[in-house]
Amino acid sequence: MSDASVYDENAIDAYDLLSSMLSPGAPHAAWVSSHRPLAGQKVLDLGAGTGVSSLALAEAGARVVAVDASTPSLDLLKSKCGEHPVEAVEGDFRHLRLDDAFDVVTLSRNTFFLAQSQDEKIDLLRVVERHLKPGGTAFLDCTDPAEYLQAGGDAHSVTYPLGRENMVTITQTSDRAAQAVLSIFLVQSATKLTAFHETATWATLAEIRLMARMAGLEVSHVNGSYAGEDYGPRSREMLIVLQRP
């Protein structure tokens with residue numbers, strides 16, 4: 001999800017660069033395709049941002065409706081669509097009501113964790129259920145919470161190159177009691193420094209199973225990587241497949 005108050009026009013180019021370099025667009029689409037072939041499918045991509053996953057899903061053959069709360073994000077997405085069958089829709093996906101139903105609903109890279117409270121997460125799953133066709137499939141692409149728990153409460157930083165001319169420093173602080181993580185991003189080039197942040201609240205697999213049932217969905221499979229391995233103690237990803245009965 002791109003919060004319009006965070007990913008405004010001043011940060012959007014840096015956010016898009018970071019997403020393009022680090023977000024798993026093609027692996028995400030490949031993982032979805034491994035469970036449900038995308039050719040000819042109608043896909044709702046919630047929290048699409050600047051379209052990394054939306055474009056990858058379209059390249060895999062889907063017709064995509066990309067929803068996000070940030071006007072600058074969607075403007076940039078539209079500029080990149082070209083001939084890809086991607087429709088951009090502005091809106092808060094936690095309360096979304098489209099007059100359409102989809103074969104597939106996706107929430108890419110920790111979008112589900114950007115719903116802050118359990119009630120917001122349940123509301124979001126109800127939105128997913130409401131927009132799925134009977135027998136439809138939803139995909140939650142999440143980091144395994146163990147990755148956050150290992151960090152404890154101390155801030156830690158990592159720095160990555162972004163191509164030849166930019167670099168990003170990501171500083172994360174985890175709150176185990178609140179199951180929350182604050183991520184601060186500093187994207188730097190030779191002439192510009194851009195900062196933005198995200199606050200996410202993680203959920204365990206057991207919590208997600210319960211919340212899904214409350215929303216009328218069932219967890220049908222969990223992978224531990226985009227390559228399709230089953231989820232286990234050593235997994236760094238928690239890739240959840242949901243079915244609408």
Going by chain and number, the hydrophobic cluster around V241 (ILVMFWY, side chain to side chain under 4.5 Å) further includes W31, V32, L38, V43, L55, L57, V64, L74, L77, V86, V104, F139, Y226, L239
Can you tell me how far apart CZ (R213) and CD1 (I122) are? Round to the nearest 0.5 Å.
12.5 Å
According to a hydrophobic-cluster definition based on side-chain heavy atoms being under 4.5 Å apart (Ile, Leu, Val, Met, Phe, Trp, Tyr only), do I184 and L17 belong together?
no
In short, ring pair (Phe, Tyr, Trp, His ring centres under 6.0 Å) pairs touching residues 198-222 with sequence neighbours left out are H35-H221, Y148-W202
Check the pair S73, I12 against side-chain contact (heavy atoms from CB on, under 4.5 Å), reporting the backbone distance first and the verdict last.
CA-CA 7 Å; S73 292; I12 200 62; 3.1 Å; yes
Salt bridge (charged side-chain N to carboxylate O under 4.0 Å, His left out) partners for R109, two or more places apart:
D141, E237
CG on L125 to CG on L107, rounded to 0.5 Å:
8.0 Å
What are the two closest non-hydrogen atoms of A56 and G25, and how far apart are they?
CB-O, 3.3 Å
Where the side chain of R244 meets the backbone of L132, is there a donor-acceptor pair that is under 3.5 Å apart?
yes
Would you say that T111 contacts L124 through its side chain, given a criterion of any heavy-atom pair below 4.5 Å between the two side chains?
no
Under the 3.5 angstrom rule, does the side chain of D144 hit a backbone N or O of E147 as a donor-acceptor pair?
no
Grouping I, L, V, M, F, W and Y whenever their side-chain heavy atoms are under 4.5 Å apart, do V65 and L140 come out in a common cluster?
yes
Rounded to the nearest 0.5 Å, how far does CG of D175 lie from CG of L182?
10.5 Å
Answer yes or no: are there more than 12 heavy-atom neighbours, outside E165 itself, under 6.0 Å from its atom CD?
no
Would you say the side chains of S183 and E198 form a donor-acceptor pair under 3.5 Å?
no
Can you check whether L76's main-chain N or O pairs, donor with acceptor, with S79's side chain at less than 3.5 Å?
yes
Under 4.5 Å between any side-chain heavy atoms of M167 and T159, yes or no?
yes
Are side-chain N/O atoms of D45 and S53 paired as donor and acceptor at under 3.5 Å?
no
What distance do L217 atom CG and E129 atom CD have between them, rounded to the nearest 0.5 Å?
5.5 Å
Looking at every non-hydrogen atom in both residues, tell me the closest pair between S20 and K80 and how far apart they are.
OG-NZ, 4.4 Å
Let me see the working for H28 and T106 under side-chain contact (heavy atoms from CB on, under 4.5 Å), right down to the final yes or no.
CA-CA 9 Å; H28 172 84; T106 65; 3.8 Å; yes
Which atoms form the tightest heavy-atom contact between T201 and K121, and what is the distance?
O-NZ, 2.7 Å
Let me see the working for I208 and M238 under side-chain contact (heavy atoms from CB on, under 4.5 Å), right down to the final yes or no.
CA-CA 11 Å; I208 293 173; M238 186 172 66; 3.7 Å; yes
Distance, nearest 0.5 Å, that separates CD of Q188 from OG1 of T169
7.0 Å
Applying the side-chain contact (heavy atoms from CB on, under 4.5 Å) criterion to F93, which one of V67, V128, L44 satisfies it?
V67
Report the residues that fulfil salt bridge (charged side-chain N to carboxylate O under 4.0 Å, His left out) with R164, sequence neighbours left out, ordered by chain and then residue number.
none
Are R209 and L205 packed together at the side-chain level, in the sense that at least one heavy-atom pair is separated by less than 4.5 angstrom?
yes
Distance-minimising heavy-atom pair for V181 and S174
CG2-OG, 3.8 Å
Would a distance-only check, ignoring hydrogens and angles, find a side-chain to backbone donor-acceptor pair under 3.5 Å from R97 to H131?
no
Short side-chain donor-acceptor distance under 3.5 Å, R63 and Q41
no
Any D230 side-chain heavy atom under 4.5 Å of V222 side chain
no
Heavy-atom side-chain contact between Q116 and T199 under 4.5 Å:
yes
How long is the straight-line distance from CG of L114 back to CD of E120, given to the nearest 0.5 Å?
10.5 Å
Listed partners of T191 passing side-chain contact (heavy atoms from CB on, under 4.5 Å), at least two apart
S189
Could you please spell out the steps behind the side-chain contact (heavy atoms from CB on, under 4.5 Å) verdict for L186 and T194?
CA-CA 6 Å; L186 296 175; T194 305; over 6 Å; no
Closest non-hydrogen atom pair between K42 and D103, with its separation
N-OD2, 2.8 Å
Nearest atoms (heavy-atom pairs only) where G216 meets P245:
O-CD, 3.4 Å
Quick one: side-chain contact (heavy atoms from CB on, under 4.5 Å) partners of I170, sequence neighbours excluded?
L22, V158, Y160, V168, Q172, F185
For N223 and Y231, indicate whether the former's side chain and the latter's backbone hold a donor-acceptor pair under 3.5 Å.
no
